[in-house]
Amino acid sequence: FSLNRTVNNFLMTGPKAFLSYVSSVQAGARNGIKECKHQFALERWNCPESTLQLSTHNGLRSATRETSFVHAISAAGVMYTLTKNCSLGDFDNCGCDDSRIGQTGGKGWIWGGCSDNVAFGEKLSRHFVDALEDGHDARAAVNLHNNEAGRLAVKATMRRGCKCHGVSGSCTIQTCWMHLPNFREVGNHLKTKHKHARKLELDKKPARAGNSADGRGAAALAFRGIARTELVYLEDSPDYCAKNQSLGVQGTEGRECLRGGDGKKNASQRESSSCHRLCHRCGLRVERKRAEVVSSCNCKFHWCCTVKCEQCTRVVTKYYCARLGGRKQQNQTRRKQLAPQD
Ligand SMILES: *[C@@H]1O[C@H](CO)[C@@H](O)[C@H](O)[C@H]1NC(C)=O
Ligand SMILES: *[C@@H]1O[C@H](CO)[C@@H](O)[C@H](O)[C@H]1NC(C)=O
Ligand SMILES: *[C@@H]1O[C@H](CO)[C@@H](O)[C@H](O)[C@H]1NC(C)=O
């Protein structure tokens with residue numbers, strides 16, 4: 001069983017062979033975007049749909065620090081999901097990566113078990129996600145670089161799992177395999193890369209190098225010295241405070257932010273500074289709203305077999321960014337809403 005031959009075989013049999021992957025690729029891309037929304041939930045730019053166009057032939061051709069993250073997490077999501085699918089036996093032509101089985105991995109352990117077949121997911125991510133990039137300019141080069149950085153993040157966060165063998169679990173020898181982490185870890189990894197993203201300094205002499213025909217050559221030069229694992233961008237981001245339709249920026253007015261207290265006892269630094277970041281620093285004030293949350297409580301088990309619960313009402317305080325000078329609502333806004341189920 002040769003993975004390369006299998007993959008090449010279906011690559012050569014043309015687009016029809018890929019149909020079986022399309023829904024998984026879509027699931028993977030959705031997975032990436034979901035993670036993007038989680039990672040940026042308390043940032044001014046919060047991964048809105050309006051900035052999620054991967055393809056460059058739609059006029060939305062900015063290449064900011066944020067679009068670099070969108071490319072990376074999408075490519076990573078597709079790679080991750082297809083790799084997971086493969087390990088779960090969802091596809092006929094792919095299985096565990098057994099290329100090293102039986103070989104010594106290190107002191108006291110050998111390769112065994114089912115290693116996740118990242119090469120499979122990687123290849124399909126390249127095929128599907130990179131294909132969206134049909135330009136030949138610096139932007140295309142930047143997007144492809146960031147797609148690759150996303151896939152490298154999946155590899156970088158993989159973990160080794162091991163199992164002990166030997167007399168009554170004495171662990172004299174272990175078998176080990178590589179497995180995917182929780183996708184959250186890929187998201188965390190890429191969020192750090194976003195923070196440290198590098199701006200590509202193009203030679204400005206050929207006018208508008210970002211779009212010019214020889215942009216790719218210029219980009220190739222600019223890429224020297226930037227590791228493949230790092231995110232890169234071309235344009236500085238707007239401040240994301242104010243709404244700007246043409247940029248697809250919604251602004252932070254009306255956004256919810258978090259404050260310590262109120263059941264959020266262990267808020268991270270990033271969380272507890274979110275009202276400052278989203279509201280105050282954007283020239284907005286923080287509006288406090290009380291909301292009633294109805295949830296199930298005091299659940300009792302009745303023989304046999306039902307669970308009966310009471311409906312409890314809890315008042316929670318929420319914070320939103322609001323325009324300065326707007327009429328202050330004295331905590332009177334009462335809204336009923338259902339609590340999340342977990
Ligand atoms: C691959 O996994 C995703 C997410 O778990 C799932 O939605 C999709 O149906 C799977 N694809 C196949 C072919 O089983
Ligand atoms: C939106 O952003 C563009 C590009 O930065 C700028 O030219 C334009 O003036 C902005 N529009 C508004 C309403 O701020
Ligand atoms: C709160 O955070 C601290 C430090 O991050 C951690 O050690 C502690 O276990 C957390 N407490 C709870 C209740 O989560």
Side-chain angles (χ1 to χ4, degrees), residues 3 6-7 10-11 13 15-38 44-46 48-51 53 56 58-68 73-97 114 116-129 139 150-151 154 157-158 179-187 199 204 208 210-211 233-255 281-284 321 323-324:
L3 172 78
T6 323
V7 173
F10 70 71
L11 279 175
T13 49
K16 221 170 70 184
F18 282 102
L19 279 180
S20 50
Y21 302 117
V22 168
S23 69
S24 305
V25 169
Q26 284 166 342
R30 274 197 301 274
N31 201 13
I33 294 313
K34 203 170 127 212
E35 182 59 25
C36 179
K37 287 184 186 297
H38 171 86
R44 290 183 198 160
W45 177 83
N46 61 347
E49 307 295 335
S50 56
T51 51
Q53 291 293 336
T56 52
N58 55 15
L60 241 186
R61 291 176 50 78
S62 63
T64 61
R65 192 184 281 266
E66 284 65 50
T67 53
S68 78
I73 199 79
S74 302
V78 169
M79 170 170 167
Y80 183 96
T81 299
L82 279 135
T83 302
K84 261 268 150 60
N85 282 141
C86 170
S87 294
L88 292 171
D90 288 346
F91 303 126
D92 293 340
N93 53 5
C94 137
C96 306
D97 172 10
C114 174
D116 281 324
N117 193 341
V118 278
F120 173 82
E122 185 180 26
K123 199 143 199 165
L124 285 170
S125 172
R126 283 215 183 94
H127 181 88
F128 281 98
V129 183
R139 269 159 234 275
R151 287 185 288 262
V154 175
T157 49
M158 283 186 84
H179 64 90
L180 291 169
N182 196 312
F183 194 59
R184 175 63 26 92
E185 289 183 41
V186 181
K199 185 174 182 183
K204 295 280 169 18
R208 297 164 46 74
N211 284 317
Y233 63 96
L234 289 173
E235 287 130 26
D236 292 325
S237 307
D239 68 8
Y240 295 115
C241 282
K243 190 181 176 99
N244 186 324
Q245 211 97 47
S246 63
L247 294 177
V249 173
Q250 284 148 2
T252 58
E253 189 182 338
R255 286 274 305 278
R281 298 271 306 272
C282 287
L284 300 167
C321 299
R323 208 174 295 201
L324 287 174

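For the single chain, residues carry numbers from 1 onward in sequence order. Keep in mind it's a predicted model, so treat the numbers as computed, not measured. Start at 1 and go down the list; that is how both ligands and their atoms are numbered.
SG distance check for Cys282 and Cys321: not under 2.5 Å.
Contact annotation for Ser246 and ligand 2: only side-chain heavy atoms (C-beta onward) come within less than 4.0 Å of the ligand.
For the residue pair Thr252 / Arg44, no side-chain donor-acceptor distance below 3.5 Å is found, with atom types taken as modelled.
Screening residues 82-97 for salt bridge (charged side-chain N to carboxylate O under 4.0 Å, His left out), with sequence neighbours left out, gives no hits.
Here the shortest heavy-atom pairing between Arg151 and Ala75 reads NH1-CB, 3.9 Å. The shortest heavy-atom contact between Phe183 and Gly32 is CE2-CA, 4.0 Å.
Counting heavy atoms from C-beta outward, Asn31 and Tyr80 have side chains that approach closer than 4.5 Å.
A salt bridge does not link Glu253 with Lys243: none of the charged nitrogens is closer than 4.0 Å to a carboxylate oxygen.
Ligand 2 has an N or O atom lying under 3.5 Å from an N or O atom of Asn244, backbone or side chain.
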Do any nitrogen or oxygen atoms of ligand 1 lie under 3.5 Å from a protein nitrogen or oxygen, and which ones?
from     : atom 1 : to    : atom 2 : distance (Å)
ligand 1 : 2 (O)  : Asn85 : OD1    : 3.4
ligand 1 : 2 (O)  : Asn85 : ND2    : 2.4
ligand 1 : 11 (N) : Ser24 : OG     : 2.8
ligand 1 : 11 (N) : Asn85 : ND2    : 3.2
ligand 1 : 14 (O) : Asp90 : OD2    : 2.9

